[in-house]
Amino acid sequence: MPLLLLLLALLLPAAPEATPSALLGINYGRVGNNLPPTTSALQLLAGLGVGRVRLYDADPATLRSFANTGVELVVGVPDECLAAVSTPSGASSWVRSVIQPALPATKIAVLTVGNEVLTGANSSALTPSLLPAMQCIHDALVQLGLDKQVAVTTAHNLGVLATSYPPSSAYFRKDVLPVLCPILDFHARTGSPFLVNAYPYFAYAEDPAGVELEYALLEPGHGGVPDPSSGLRYPNMLVAQVDAVYHAIAAANRAAARAVEVRVSETGWPSAGDGNETGATPRNAARYNGNVMRLVGEGKGTPLRPDGALRVYMFALFNENMKPGPLSERNYGLFKPDGTPVYELSYRLPKDNATTSSGAGGTGSIAGSGGGPQNNGYYSISAPSAKANVGW
């Protein structure tokens, strides 16, 4: 068996190695019964030139598959584990048994405690455990001397915002503030990022007459939308959504706003959907994801934070056939389970997205357990009007 593994390793293409300048990652969900082994996923990642991957659980076998590849991982603590790791002993046991054995061979940079806990179907049951779990896992990492190597955070649905229109007027929902404010203090204290799952697709699908498709697709030729309060002009909806989160953080916790970075933990566009899922087509998905790669590859920030390059994780690597919900939920992948592309992306990532400056550049062309997008009605509630909110 060791010889077979060695031969497989030699046959695999060199995986792209994450560097500080590698800003683009991809979500690797595994909610499917026909998905290939992780070794195949590594080949696709190498072809894409993506050196950062987000996982939704800490399956030991999957973590071992990424060992010595140079791929940097964001590893999820599943919602069902929150209660167990919300005590010092539970968190210490989990970190020592699951995370510590994988290091340093597997490059784990971030642990995400839960996914969209505050807005999910089980929010009332899970929310009380969220911050204690984050704090206990961080403390467990401190005890092992791993806190400088592994950050702790959680990923939020954009529905934590009461309104996002215009970005400068955004603020968090009052019902989540009692939890979010101390979470922001935690981020500021530990230096971990605030993660948001942002999907312009939902805004367009809910109001295709009021939202320009080119704006939602991040098309570079779009003239942009001005924020009348700040005077800033937003060239696309994704950066407007990110800046809305920055403004909401500032409104809730001004001290934390100076220290906390917002990163996009999920964004994508479905290539297929039910009859009422407007815009879910291969062409639109190719345009959106290609523009995400272009946007991140430029290394620029947002209009509000122009000096800090935007970090984004695309959703997702594969179509996942066992995800519940509408048809679109099973059609966010760049690849089909057999490894063939769902559509063609022609954008080529810059060399430093996943390799050192002297290494070979990866290509973004793909011709020839998991999380994922959840609208939950949160992209337009409590806004001045549905049209106004989804326009951002």
Side-chain angles (χ1 to χ4, degrees), residues 157-159 161-170 196-248 262 264 266-298 300-306 310 312 314-315 326 328 331-332 343 345-347 373-392:
N157 185 290
L158 202 64
L161 298 180
T163 182
S164 60
Y165 175 79
S168 59
S169 298
V196 62
N197 300 337
Y199 288 87
Y201 163 71
F202 287 130
Y204 175 75
E206 287 180 357
D207 187 15
V211 176
E212 291 187 70
L213 180 60
E214 289 73 18
Y215 184 62
L217 290 175
L218 323 184
E219 291 289 9
H222 189 271
V225 175
D227 183 326
S229 299
S230 68
L232 297 174
R233 177 170 289 273
Y234 285 88
N236 62 71
M237 187 180 292
L238 184 62
V239 293
Q241 290 177 336
V242 172
D243 275 359
V245 176
Y246 272 123
H247 279 291
V262 176
V264 178
E266 290 180 17
T267 194
W269 197 286
S271 60
D274 293 320
N276 62 345
E277 295 188 284
T278 305
T281 68
R283 183 172 184 269
N284 286 342
R287 291 167 69 190
Y288 182 81
N289 285 318
N291 283 331
V292 168
M293 297 171 77
R294 173 193 54 79
L295 179 67
V296 177
E298 290 173 351
K300 298 178 181 178
T302 67
L304 182 65
R305 298 287 184 92
L310 184 63
V312 174
M314 297 169 60
F315 190 88
S328 62
N331 287 279
Y332 275 85
Y343 45 78
L345 287 175
S346 58
Y347 182 80
Q374 295 294 331
N375 187 358
N376 298 330
Y378 288 124
Y379 284 83
S380 58
I381 67 166
S382 303
S385 69
K387 180 176 180 179
N389 187 48
V390 298
W392 288 99

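Scope of the values below: all heavy atoms of this structure, side chains included, with no hydrogens, waters or symmetry mates.
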Undergrad: The criterion is side chain to side chain contact (heavy atoms under 4.5 Å, CB included); which residues satisfy it with Ala205, sequence neighbours excluded?
TA: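 By the side chain to side chain contact (heavy atoms under 4.5 Å, CB included) rule, Ala205 matches Tyr201.
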Undergrad: Return the set of residues passing salt bridge (Lys or Arg N to Asp or Glu O under 4.0 Å) with Glu219 (not counting sequence neighbours), or none when no residue passes.
TA: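 For Glu219, the residues satisfying salt bridge (Lys or Arg N to Asp or Glu O under 4.0 Å) (neighbours in sequence not counted) are Arg287.
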Undergrad: Asn289 side chain to Val292 main-chain N or O, any donor-acceptor pair under 3.5 Å?
TA: no
Undergrad: Which heavy atom in Thr267 sits nearest to a heavy atom in Ala198, and how many Å separate them?
TA: OG1-O, 2.6 Å
Undergrad: So, applying side-chain contact (heavy atoms from CB on, under 4.5 Å) with Val264, which one of Val296, Val312, Leu158 is it?
TA: Val312
Undergrad: Tell me, please, which residues at least two apart from Arg233 pass side chain to side chain contact (heavy atoms under 4.5 Å, CB included).
TA: Pro226
Undergrad: Please test Asn157 against Asn197 for side-chain contact (heavy atoms from CB on, under 4.5 Å), starting from the C-alpha separation and ending with a verdict.
TA: CA-CA 5 Å; Asn157 185 290; Asn197 300 337; 5.6 Å; no
Undergrad: In sequence, state the C-alpha distance, the side-chain angles, and the governing distance for Tyr288 and Leu218, and then conclude on side-chain contact (heavy atoms from CB on, under 4.5 Å).
TA: CA-CA 6 Å; Tyr288 182 81; Leu218 323 184; 3.6 Å; yes
Undergrad: Say you draw a straight line from OG of Ser230 to NE2 of His247; how long is it, rounded to the nearest 0.5 Å?
TA: 5.5 Å
Undergrad: For Ser169, which residues count as a side chain to side chain contact (heavy atoms under 4.5 Å, CB included) partner, sequence neighbours excluded?
TA: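 Per chain and number, Ser169 pairs via side chain to side chain contact (heavy atoms under 4.5 Å, CB included) with Pro166, Ser229.
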Undergrad: Indicate yes or no: at least one non-hydrogen side-chain atom of Met293 is less than 4.5 angstrom from one of Met314.
TA: yes
Undergrad: Could you work out, with side chain to side chain donor-acceptor pair (under 3.5 Å) as the rule, every residue matching Asp243, not counting sequence neighbours?
TA: Tyr234, Thr302
Undergrad: Would you name the heavy atoms of Tyr246 and Val262 that are closest together and state the gap between them?
TA: OH-N, 3.0 Å
Undergrad: Please check: side-chain N/O of Asp227 versus main-chain N/O of Ser168, any donor-acceptor pairing under 3.5 Å?
TA: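 Yes, the answer is positive, given that a donor and an acceptor are paired below the 3.5 Å cut-off.
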Undergrad: If I compare all heavy atoms of Ser328 with all of Pro270, which pair ends up nearest, and what's the gap?
TA: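 Heavy-atom minimum between the residues: CB-CB, 3.7 Å.
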Undergrad: Does a side-chain heavy-atom distance below 4.5 Å link Pro235 with Tyr215?
TA: no
Undergrad: Check for a donor-acceptor pair, side chain of Thr281 on one end and backbone N or O of Asn284 on the other, with a separation under 3.5 Å.
TA: yes
Undergrad: Check Leu345 against Gly290 and note the closest heavy-atom contact, atom names and distance.
TA: CD2-N, 3.4 Å
Undergrad: What class does the angle between the rings of Trp269 and Tyr204 fall in, given that below 30° is parallel, 30 to 60° is tilted and above 60° is perpendicular?
TA: tilted
Undergrad: Looking at Gly224 and His222, what are the two nearest heavy atoms and their distance?
TA: N-ND1, 2.8 Å
Undergrad: Within this structure, what is the CD-OG1 distance for the pair Glu206 and Thr278, rounded to the nearest 0.5 Å?
TA: 10.5 Å
Undergrad: Under the side chain to side chain donor-acceptor pair (under 3.5 Å) test, which residues partner Ser271, sequence neighbours left out?
TA: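 Residues passing side chain to side chain donor-acceptor pair (under 3.5 Å) with Ser271: none at all.
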Undergrad: Counting only N and O atoms by type, is there a donor-acceptor contact under 3.5 Å from the side chain of Glu277 to the main-chain atoms of Asp274?
TA: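 Yes, because the side chain of Glu277 sits within donor-acceptor range (under 3.5 Å) of the backbone of Asp274.
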Undergrad: Stepwise, does the side-chain contact (heavy atoms from CB on, under 4.5 Å) test hold for Val196 with Gln241?
TA: CA-CA 9 Å; Val196 62; Gln241 290 177 336; over 6 Å; no
Undergrad: Under 4.5 Å between any side-chain heavy atoms of Val211 and Met237, yes or no?
TA: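 Answer yes - side chains close enough.
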Undergrad: Verify side-chain contact (heavy atoms from CB on, under 4.5 Å) between Arg283 and Tyr343, making sure each step is shown before the conclusion.
TA: CA-CA 8 Å; Arg283 183 172 184 269; Tyr343 45 78; over 6 Å; no
Undergrad: Test of understanding: with side chain to side chain contact (heavy atoms under 4.5 Å, CB included), list the residues that count as partners of Pro220, not counting sequence neighbours.
TA: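 Listed in chain order: Asn291, Arg294.
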